[in-house]
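Okay, so here's the structure we're looking at.
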Amino acid sequence: MRVLTFNVNSIRSRQKVVEELLFYRDIDVACLQEIKVVEEKFPQFPPFQCLVNGQKQYNGVAVCSRLPIEKFQIGFEGEQGESRFIYTQIGNYHIINIYAPLGDLYQKRFKYKMEFYRQLEKFIEQRFDLRRDFVILCGDLNIAHREVDVWNSEEWKGKVTFLPEERKEMDRLLEMGFIDVVRSATPKPIFTFYDYRGGAVYKNHGLRLDYVLISTPLLPKTHSIELLLNVRKRRDPKPSDHVPLIVEFK
DNA sequence: ATGGCCACCCGAGGTGGA
């Protein structure tokens with residue numbers, strides 16, 4: 001099974017790019033973030049079935065699957081707020097697609113970010129045994145885990161996405177039993193986000209904010225991981241500021 | 001020149017992203 005995760009920064013601006021990825025890269029399940037649109041205006045990608053947790057203008061996540069979706073949950077239980085979470089079961093695979101809040105240095109949004117992670121952990125703990133189940137947690141976590149995950153750790157010290165509390169949040173997910181697929185493949189700097197400003201992508205001034213985390217039974221099934229940097233680098237059509245990731249399970 | 005933001009709201013510039 002080939003799984004794509006991609007922060008599209010507006011699905012309507014990235015419809016062509018997503019179509020190319022789905023069909024030319026032979027994707028089975030696509031986890032999309034920052035779709036920035038309500039469900040009614042989300043484009044169709046037949047024969048993919050798309051589940052959409054949308055909202056106007058901001059945020060929003062979607063899962064598009066070529067394979068039958070057995071179960072799903074759109075948003076956390078009783079959630080009224082921002083659209084950042086979708087869970088789907090496809091075959092034996094439990095796939096959680098998230099767009100974590102950025103948060104900021106002012107208390108309110110940062111607190112919301114921490115609360116979002118509490119809810120996420122609660123959802124996982126209540127439903128899955130990560131030693132036995134096939135669980136994939138992917139998306140834009142908006143956290144750079146370690147120094148190697150930011151292009152300049154001196155410059156990023158004290159900045160949001162790289163604050164100690166956030167980095168501990170990533171530690172906590174790994175302590176729960178998740179494996180960071182990209183990091184388990186290489187100790188080298190790998191970036192999935194490049195700011196549009198300042199020509200960041202040409203200077204390799206990036207951050208690793210997008211992840212594919214897997215439960216331990218999926219590790220021997222992980223066949224390949226691909227970082228599609230060219231999709232971020234090219235100018236026509238206009239790119240998202242994030243890099244798509246493809247992981248294949250066998 | 002090779003290059004420095006982009007997409008949303010709507011119909012102008014303000015705002016949020018990270």
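Hydrogens, waters and symmetry mates are skipped; everything else that's a heavy atom, side chains included, is used. Residue numbers start from 1 in every chain, and the chains themselves are labelled A, B, ... in the order their sequence lines are given, proteins ahead of strands.
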**Study point:** Protein-nucleotide distance (Asn9(A), atom CG; dC9(B), atom P), rounded to Å
**Key:** 12 Å
Point to revise | Residue whose nearest DNA chain B nucleotide is more 5′ - His242(A) or Arg12(A) | key: Arg12(A)
Practice item. In whole angstrom, give me the gap between the C1' atoms of dA12(B) and dA7(B). Key: 15 Å
Check your understanding: Given dA18(B), dG4(B), dA7(B), which nucleotide is nearest the side-chain atoms of Tyr202(A)?
Key -> dG4(B)
Check your understanding: Is the base of dG16(B) touched by the side chain of Arg109(A) through a donor-acceptor pair closer than 3.5 angstrom?
Key -> no
Check your understanding: Using the P atom in both, what is the distance from dG3(B) to dG14(B), to the nearest Å?
Key -> 29 Å
Point to revise | Distance flag, aromatic centroids of Phe123(A) and Phe85(A), threshold under 6.0 Å | key: yes
**Study point:** Qualifying ring pair (Phe, Tyr, Trp, His ring centres under 6.0 Å) pairs, either residue in residues 27-55 of chain A, two or more places apart
**Key:** Phe23(A)-Phe48(A)
Practice item. Using only the SG atoms, establish whether Cys31(A) and Cys138(A) come within less than 2.5 Å of one another. Key: no
Revision key, fill the gap. Heavy-atom nearest nucleotide on DNA chain B taken for Phe193(A) and for Ala200(A); more 5' hit belongs to Ala200(A)
Point to revise | Short side-chain N/O contact to dG4(B) OP1/OP2 from Lys203(A), under 4.0 Å | key: no
Check your understanding: Using the C1' atom in both, what is the distance from dA18(B) to dC5(B), to the nearest Å?
Key -> 13 Å
**Study point:** Assigned glycosidic conformation for dG11(B) [threshold 90° from 0]
**Key:** anti
Practice item. Determine, step by step, whether Leu245(A) and Leu228(A) satisfy the side-chain contact (heavy atoms from CB on, under 4.5 Å) criterion, reporting the C-alpha distance in whole Å, the side-chain angles of both residues, the deciding distance to 0.1 Å, and the verdict. Key: CA-CA 6 Å; Leu245(A) 290 168; Leu228(A) 304 176; over 6 Å; no
Point to revise | Inter-nucleotide P distance (dC10(B), dC6(B)), Å rounded | key: 22 Å
